[in-house]
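Quick notes on the structure that follows.
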Amino acid sequence: MESPTTRRRMAVVVQPMVDAEVAGVLFTANPLTGSRAESVVDAAPGLGTAVVDGTVDADHYVLGGERIEERGCLTPARLRELREVGERVAAGLGAPQDVEWAYDRDGALWLLQSRPITTLFPAPPPSDGPGPRIYVEFGHVQGMLQPATPMGMSTLKSMLAGMFAAFGLTVEVVDIGGRLYGDLTDAMRDPSTRQRLVKMMAVDFGPRAQRVVEHLLDDPRFAPRKNAGRRGAAALKSGPKAAVGILGALARPAVARARVFGEIERLRQQPVTDPDSAAELLELVEEDAESGMRSDAIIWPVVSGLLVSAALPPLLKGVASEDEIRTVLGGMPYNVTIEMDLALWQVARRAEPYREMLLDTPPQELASAHRAGELPEFGLEAFLDQYGTRSAAEVDVGVPRWSENPAPVFAMLANCLRVTDPEQAPDLRFRRAAHKAEEMLAELTRRARRKHALRGRLAAFFLRRSRELAGLREAGKFAGLYPLRDRRRRLLLIGAELRAKGLVERAEDVMFLTLPELRGVVQDGDDRRETIALRRSEYERELHRRTVPVALLSDGTDVEPLLPAPQSDGRTLLGMGAASGRITGRARVVRDPASATVEPGEILVAPTTDPGWTPLFLTAGALVTETGAVMAHGPTVAREYGIPAVICVPGATRHIRTGQLITVDGAAGTVTFE
């Protein structure tokens, strides 16, 4: 029985039949671009059902504050009235609205129905200052398009602030729809950085973000302004430290690698003690949040590897194709994510005697049996001891780790056990990619030296250093997972104490609070259960969102739909080649890696991938993603295994169906339907 506080009342609406002269639909925000500065009206003479059902060619109006011309079945005065009424309705209901309306024979406007526009991506928070602002999504660089929990968002913001501070940069990171967006407006308007942004987008954020930035550079609203003094001073302050760290890694790569892996091992084995009370635990969590992850022993070797890889295309211009350069970056040693995947492959080899059990039992049942100590030993415990801090969306402290729920690991083990062709063994594929990379390195070195002796020596140095340092790209994030592990454990201990006191329903509820809110619950007994329930509901709703804008303006406009559409022949999807090779196979569309099955040779088609997805690559024949950058996790790991990869294919998971025969061409950057 419902309590008085939860009972809901239902109203019965009684209204007269409207004899409509003209009727239609009003969207108080543009449903195509997301712009809250525009309203969209579809109208036709007579009843509005024809407009709603799509049985007539309605007059279409996009109202953006400009002078309204006389055209169609609505006068400028009625269009202005519709827009003004729509703005009042949206303001009163607290969200953009889809409104059905009609004008009767006497010219009176009737609002027949109003409901929220549920397809809109959330708008950025209000900003101060003149002109629009541009926000670029950061999560897809890390292969994370799902929303972050509120506690995860606060952790990510502090981590990114520490990373940018190491480079002497200040970038405001905001939460839009549970995703991380960086405000790049000042950099766009700064004469000293705006042109460099295009190159930075190409290397770090991918071609989709690059096209957006190129488009907005010509927008007069983002014209250059002289306001870069503080940023320049910050960069100068960090410059000497960066130079020493980068040059040191280039001069002595083996020493740099030893420091990186030494620091990772130190973090892994660092002894930690947890106090007994929630208040003391919270103090430690808050201290960790302020310190961030800023180890110079890791940052500068990682940056060095990224820099030498980015320098190869201009240095080898006219000597090597992009595909040949990508070949050099395949089979890369010293990559912790590749080492993890190959370690899982070895666990699968040891698990062969239990093949039938592992293939026929659901992963969640296997996980429960493992936690209960009911499974035979085949090396899984040692694997989880080394890599149990990982998971899909692992940068979110609110997400369970493999050590807590190893069901995804069992699903991936089952995929490995399906590989029966010895030639498709992942360790063999990796060795083949490494051998091919070394051969290409030697060939490009010879070509460069024949063309120009000095340039050839420089090219040889950078090619070799790319093999020695670029694999460290994954090390920074991997190292950061150990502080996250400790932070998550302490937060869950706080949650357990609050649950015992009746202040939360579950220990995991603390992940749907911010640190200041959690302090209020711990210190003052604040009741935040309604807030937690609302945020959990919003989080679960956002988990089902299929597309996330790569860039937003401050009025909510998704910039990408404004760009010219790429030409296609109807049977080819266009993206960006990120790992060389060409293969034809059956597609496997995967949106959640936790229980995914990828048969040997199938082409993995996904919205994005992060390190938690990469064990699926052990059986995949190729990779297709909707987002990413050449140096992002997915393409990097694909190159290691020598499988073709095409990234930034818009709508790939919608256009491609599981079982469909497709051809992936990593050199051309195309996916073709056979």
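What you see is a predicted model; the values in this text were computed from it and never measured. Throughout, numbering of the chain's residues begins at 1 and tracks the sequence.
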*Check against side chain to side chain contact (heavy atoms under 4.5 Å, CB included), Gln364 and Asn405*: CA-CA 8 Å; Gln364 200 60 57; Asn405 179 17; 3.2 Å; yes
*Taking Glu365 for the side chain and Pro362 for the main chain, is one N or O donor matched with an acceptor at less than 3.5 Å?*
no
*Could you tell me the separation between the CD1 atom of Ile603 and the OG1 atom of Thr584, rounded to the nearest 0.5 Å?*
7.0 Å
*Compare every heavy atom of Ala148 with every heavy atom of Asp396, then report the nearest pair and how far apart it is.*
OD2-CA, 3.3 Å
*Indicate the atoms forming the closest heavy-atom contact of Gly651 with Glu626, along with that distance.*
C-OE2, 3.4 Å
*Are any of the side-chain heavy atoms of Gln270 and Asp486 separated by less than 4.5 Å?*
no
*asked:* Looking at Arg355, I want to see if its CZ is surrounded by more than 12 non-hydrogen atoms of other residues, nucleotides or ligands under 6.0 Å.
replied: yes
*Look at the side chain of Glu377 and the backbone N and O of Gly379, then say whether any donor-acceptor pair between them is shorter than 3.5 Å.*
yes
_So, taking the atom named CZ in Arg487 and the one named CG in Leu284, what distance separates them when rounded to the nearest 0.5 Å?_
11.0 Å
_Modelled atom types, side-chain donor and acceptor of Thr608 and Thr627, under 3.5 Å_ = yes
_Please report the interatomic distance CG(Leu498) to CG(Leu491), rounded to the nearest 0.5 Å._
10.5 Å
*Taking side chain as C-beta onward, heavy atoms only, is Ile656 less than 4.5 Å from Val649?*
no
*Under-4.0 Å salt bridge between Asp385 and Arg268*: yes
*When you measure from the side chain of Arg528 to the backbone N and O of Leu518, does any donor-acceptor pair fall under 3.5 Å?*
no
*asked:* Check whether Arg326 reaches the backbone of Arg639 with its side chain - one donor and one acceptor, N or O, closer than 3.5 Å.
replied: no
*Does the pair Glu497/Lys501 count as a salt bridge with the N-to-O cut at 4.0 Å?*
yes
_Check whether Ser537 reaches the backbone of Ala533 with its side chain - one donor and one acceptor, N or O, closer than 3.5 Å._
no
_Does any part of the side chain of Val409, heavy atoms only, come nearer than 4.5 Å to the side chain of Tyr387, both counted from C-beta?_
no
*Identify the heavy atoms of Val590 and Ala596 that sit nearest to each other, and give their distance.*
CG1-CB, 3.6 Å
*So does Arg582 have more than 12 non-hydrogen atoms from other groups sitting under 6.0 Å from CZ?*
no
*Is the cationic atom of Arg535 (NZ for Lys, CZ for Arg) positioned less than 6.0 Å from the six-membered ring centroid of Phe512 and within 45 degrees of its normal?*
no
*Within-4.5 Å side-chain heavy-atom neighbours: Met340 and Pro615*: yes
_From CG (Leu329) to CD (Glu640), nearest 0.5 Å_ = 8.5 Å
*Report the C-alpha distance between Leu342 and Tyr641 in whole Å, list the side-chain angles of each, state the deciding distance to 0.1 Å, and finish with yes or no for side chain to side chain contact (heavy atoms under 4.5 Å, CB included).*
CA-CA 10 Å; Leu342 294 179; Tyr641 293 138; 4.1 Å; yes
*Are any non-hydrogen side-chain atoms of Leu156 and Phe138 less than 4.5 angstrom apart?*
no
*Is there a donor-acceptor pair under 3.5 Å between the side chain of Arg588 and the backbone N or O of Thr597?*
yes
*For residues Leu552 and Pro122, report the shortest heavy-atom separation together with the two atoms involved.*
CD1-O, 4.1 Å
*For the residue pair Thr609 and Thr625, what are the closest heavy atoms and their distance?*
CG2-CG2, 4.3 Å
*Test side chain to side chain contact (heavy atoms under 4.5 Å, CB included) on Leu267 and Ile264 and set out the steps.*
CA-CA 5 Å; Leu267 289 168; Ile264 289 174; 5.6 Å; no
*How about Arg545: does its CZ atom have over 12 heavy atoms from other parts shown lying under 6.0 Å from it?*
yes
*Once you round to the nearest 0.5 Å, how far does CG of Leu359 lie from CG of Leu413?*
10.0 Å
*Over all heavy atoms of both residues, which pair between Gln424 and Val419 is shortest? Give the atoms and the distance, please.*
O-CG1, 3.9 Å
*Would you say Arg432 and Glu423 make side-chain contact, with heavy atoms under 4.5 Å?*
yes
*asked:* Surrounding CD of Glu356 (heavy atoms of other residues, nucleotides or ligands, distance under 6.0 Å), is the total greater than 12?
replied: no
_Lys/Arg-Asp/Glu bridge criterion (N-O < 4.0 Å) met for Glu599, Arg586_ = no
_Side-chain ion pair, Arg349 and Glu352, N-O less than 4.0 Å_ = yes
*So, the side chain of Asn415 versus the backbone of Val598: is there a donor-acceptor pair under 3.5 Å, distance only?*
yes
*Please confirm whether the backbone N or O of Arg401 pairs with a side-chain atom of Glu404, one donor and one acceptor, at under 3.5 Å?*
yes
*Would you check if Met412 and Asp341 make a side-chain contact, meaning some heavy-atom pair closer than 4.5 Å?*
no
*asked:* Using a 3.5 Å distance criterion without hydrogens, assess whether the side chain of Arg499 forms a donor-acceptor pair with backbone atoms of Val504.
replied: no
*Look at the side chain of Arg591 and the backbone N and O of His544, then say whether any donor-acceptor pair between them is shorter than 3.5 Å.*
no
*Take Phe121 and Thr547, measure what side chain to side chain contact (heavy atoms under 4.5 Å, CB included) needs, and give me the verdict at the end.*
CA-CA 9 Å; Phe121 192 76; Thr547 59; over 6 Å; no
*Taking atom CG of Asp276 as the centre, does the number of heavy atoms from other residues, nucleotides or ligands within less than 6.0 Å exceed 12?*
no
_Residue pair Thr619 / Arg418, side-chain donor-acceptor N/O under 3.5 Å_ = no
*Looking at Asp526 and Arg519, does any basic side-chain N land under 4.0 Å from a carboxylate oxygen?*
no
_Please tell me whether Thr337 and Arg390 have a donor and an acceptor in their side chains that are separated by less than 3.5 angstrom._
yes
*Does the side chain of Pro400 come within less than 4.5 Å of Arg488's, by heavy atoms?*
yes
*Over 60° means perpendicular and under 30° means parallel, so classify the ring planes of Phe378 and Tyr354, tilted if in between.*
tilted
*If you round to the nearest 0.5 Å, how far is OG1 of Thr614 from CD1 of Ile338?*
6.5 Å
_Thr389/Glu394 under side chain to side chain donor-acceptor pair (under 3.5 Å): CA gap, chis, key distance, verdict_ = CA-CA 8 Å; Thr389 56; Glu394 62 194 8; over 6 Å; no
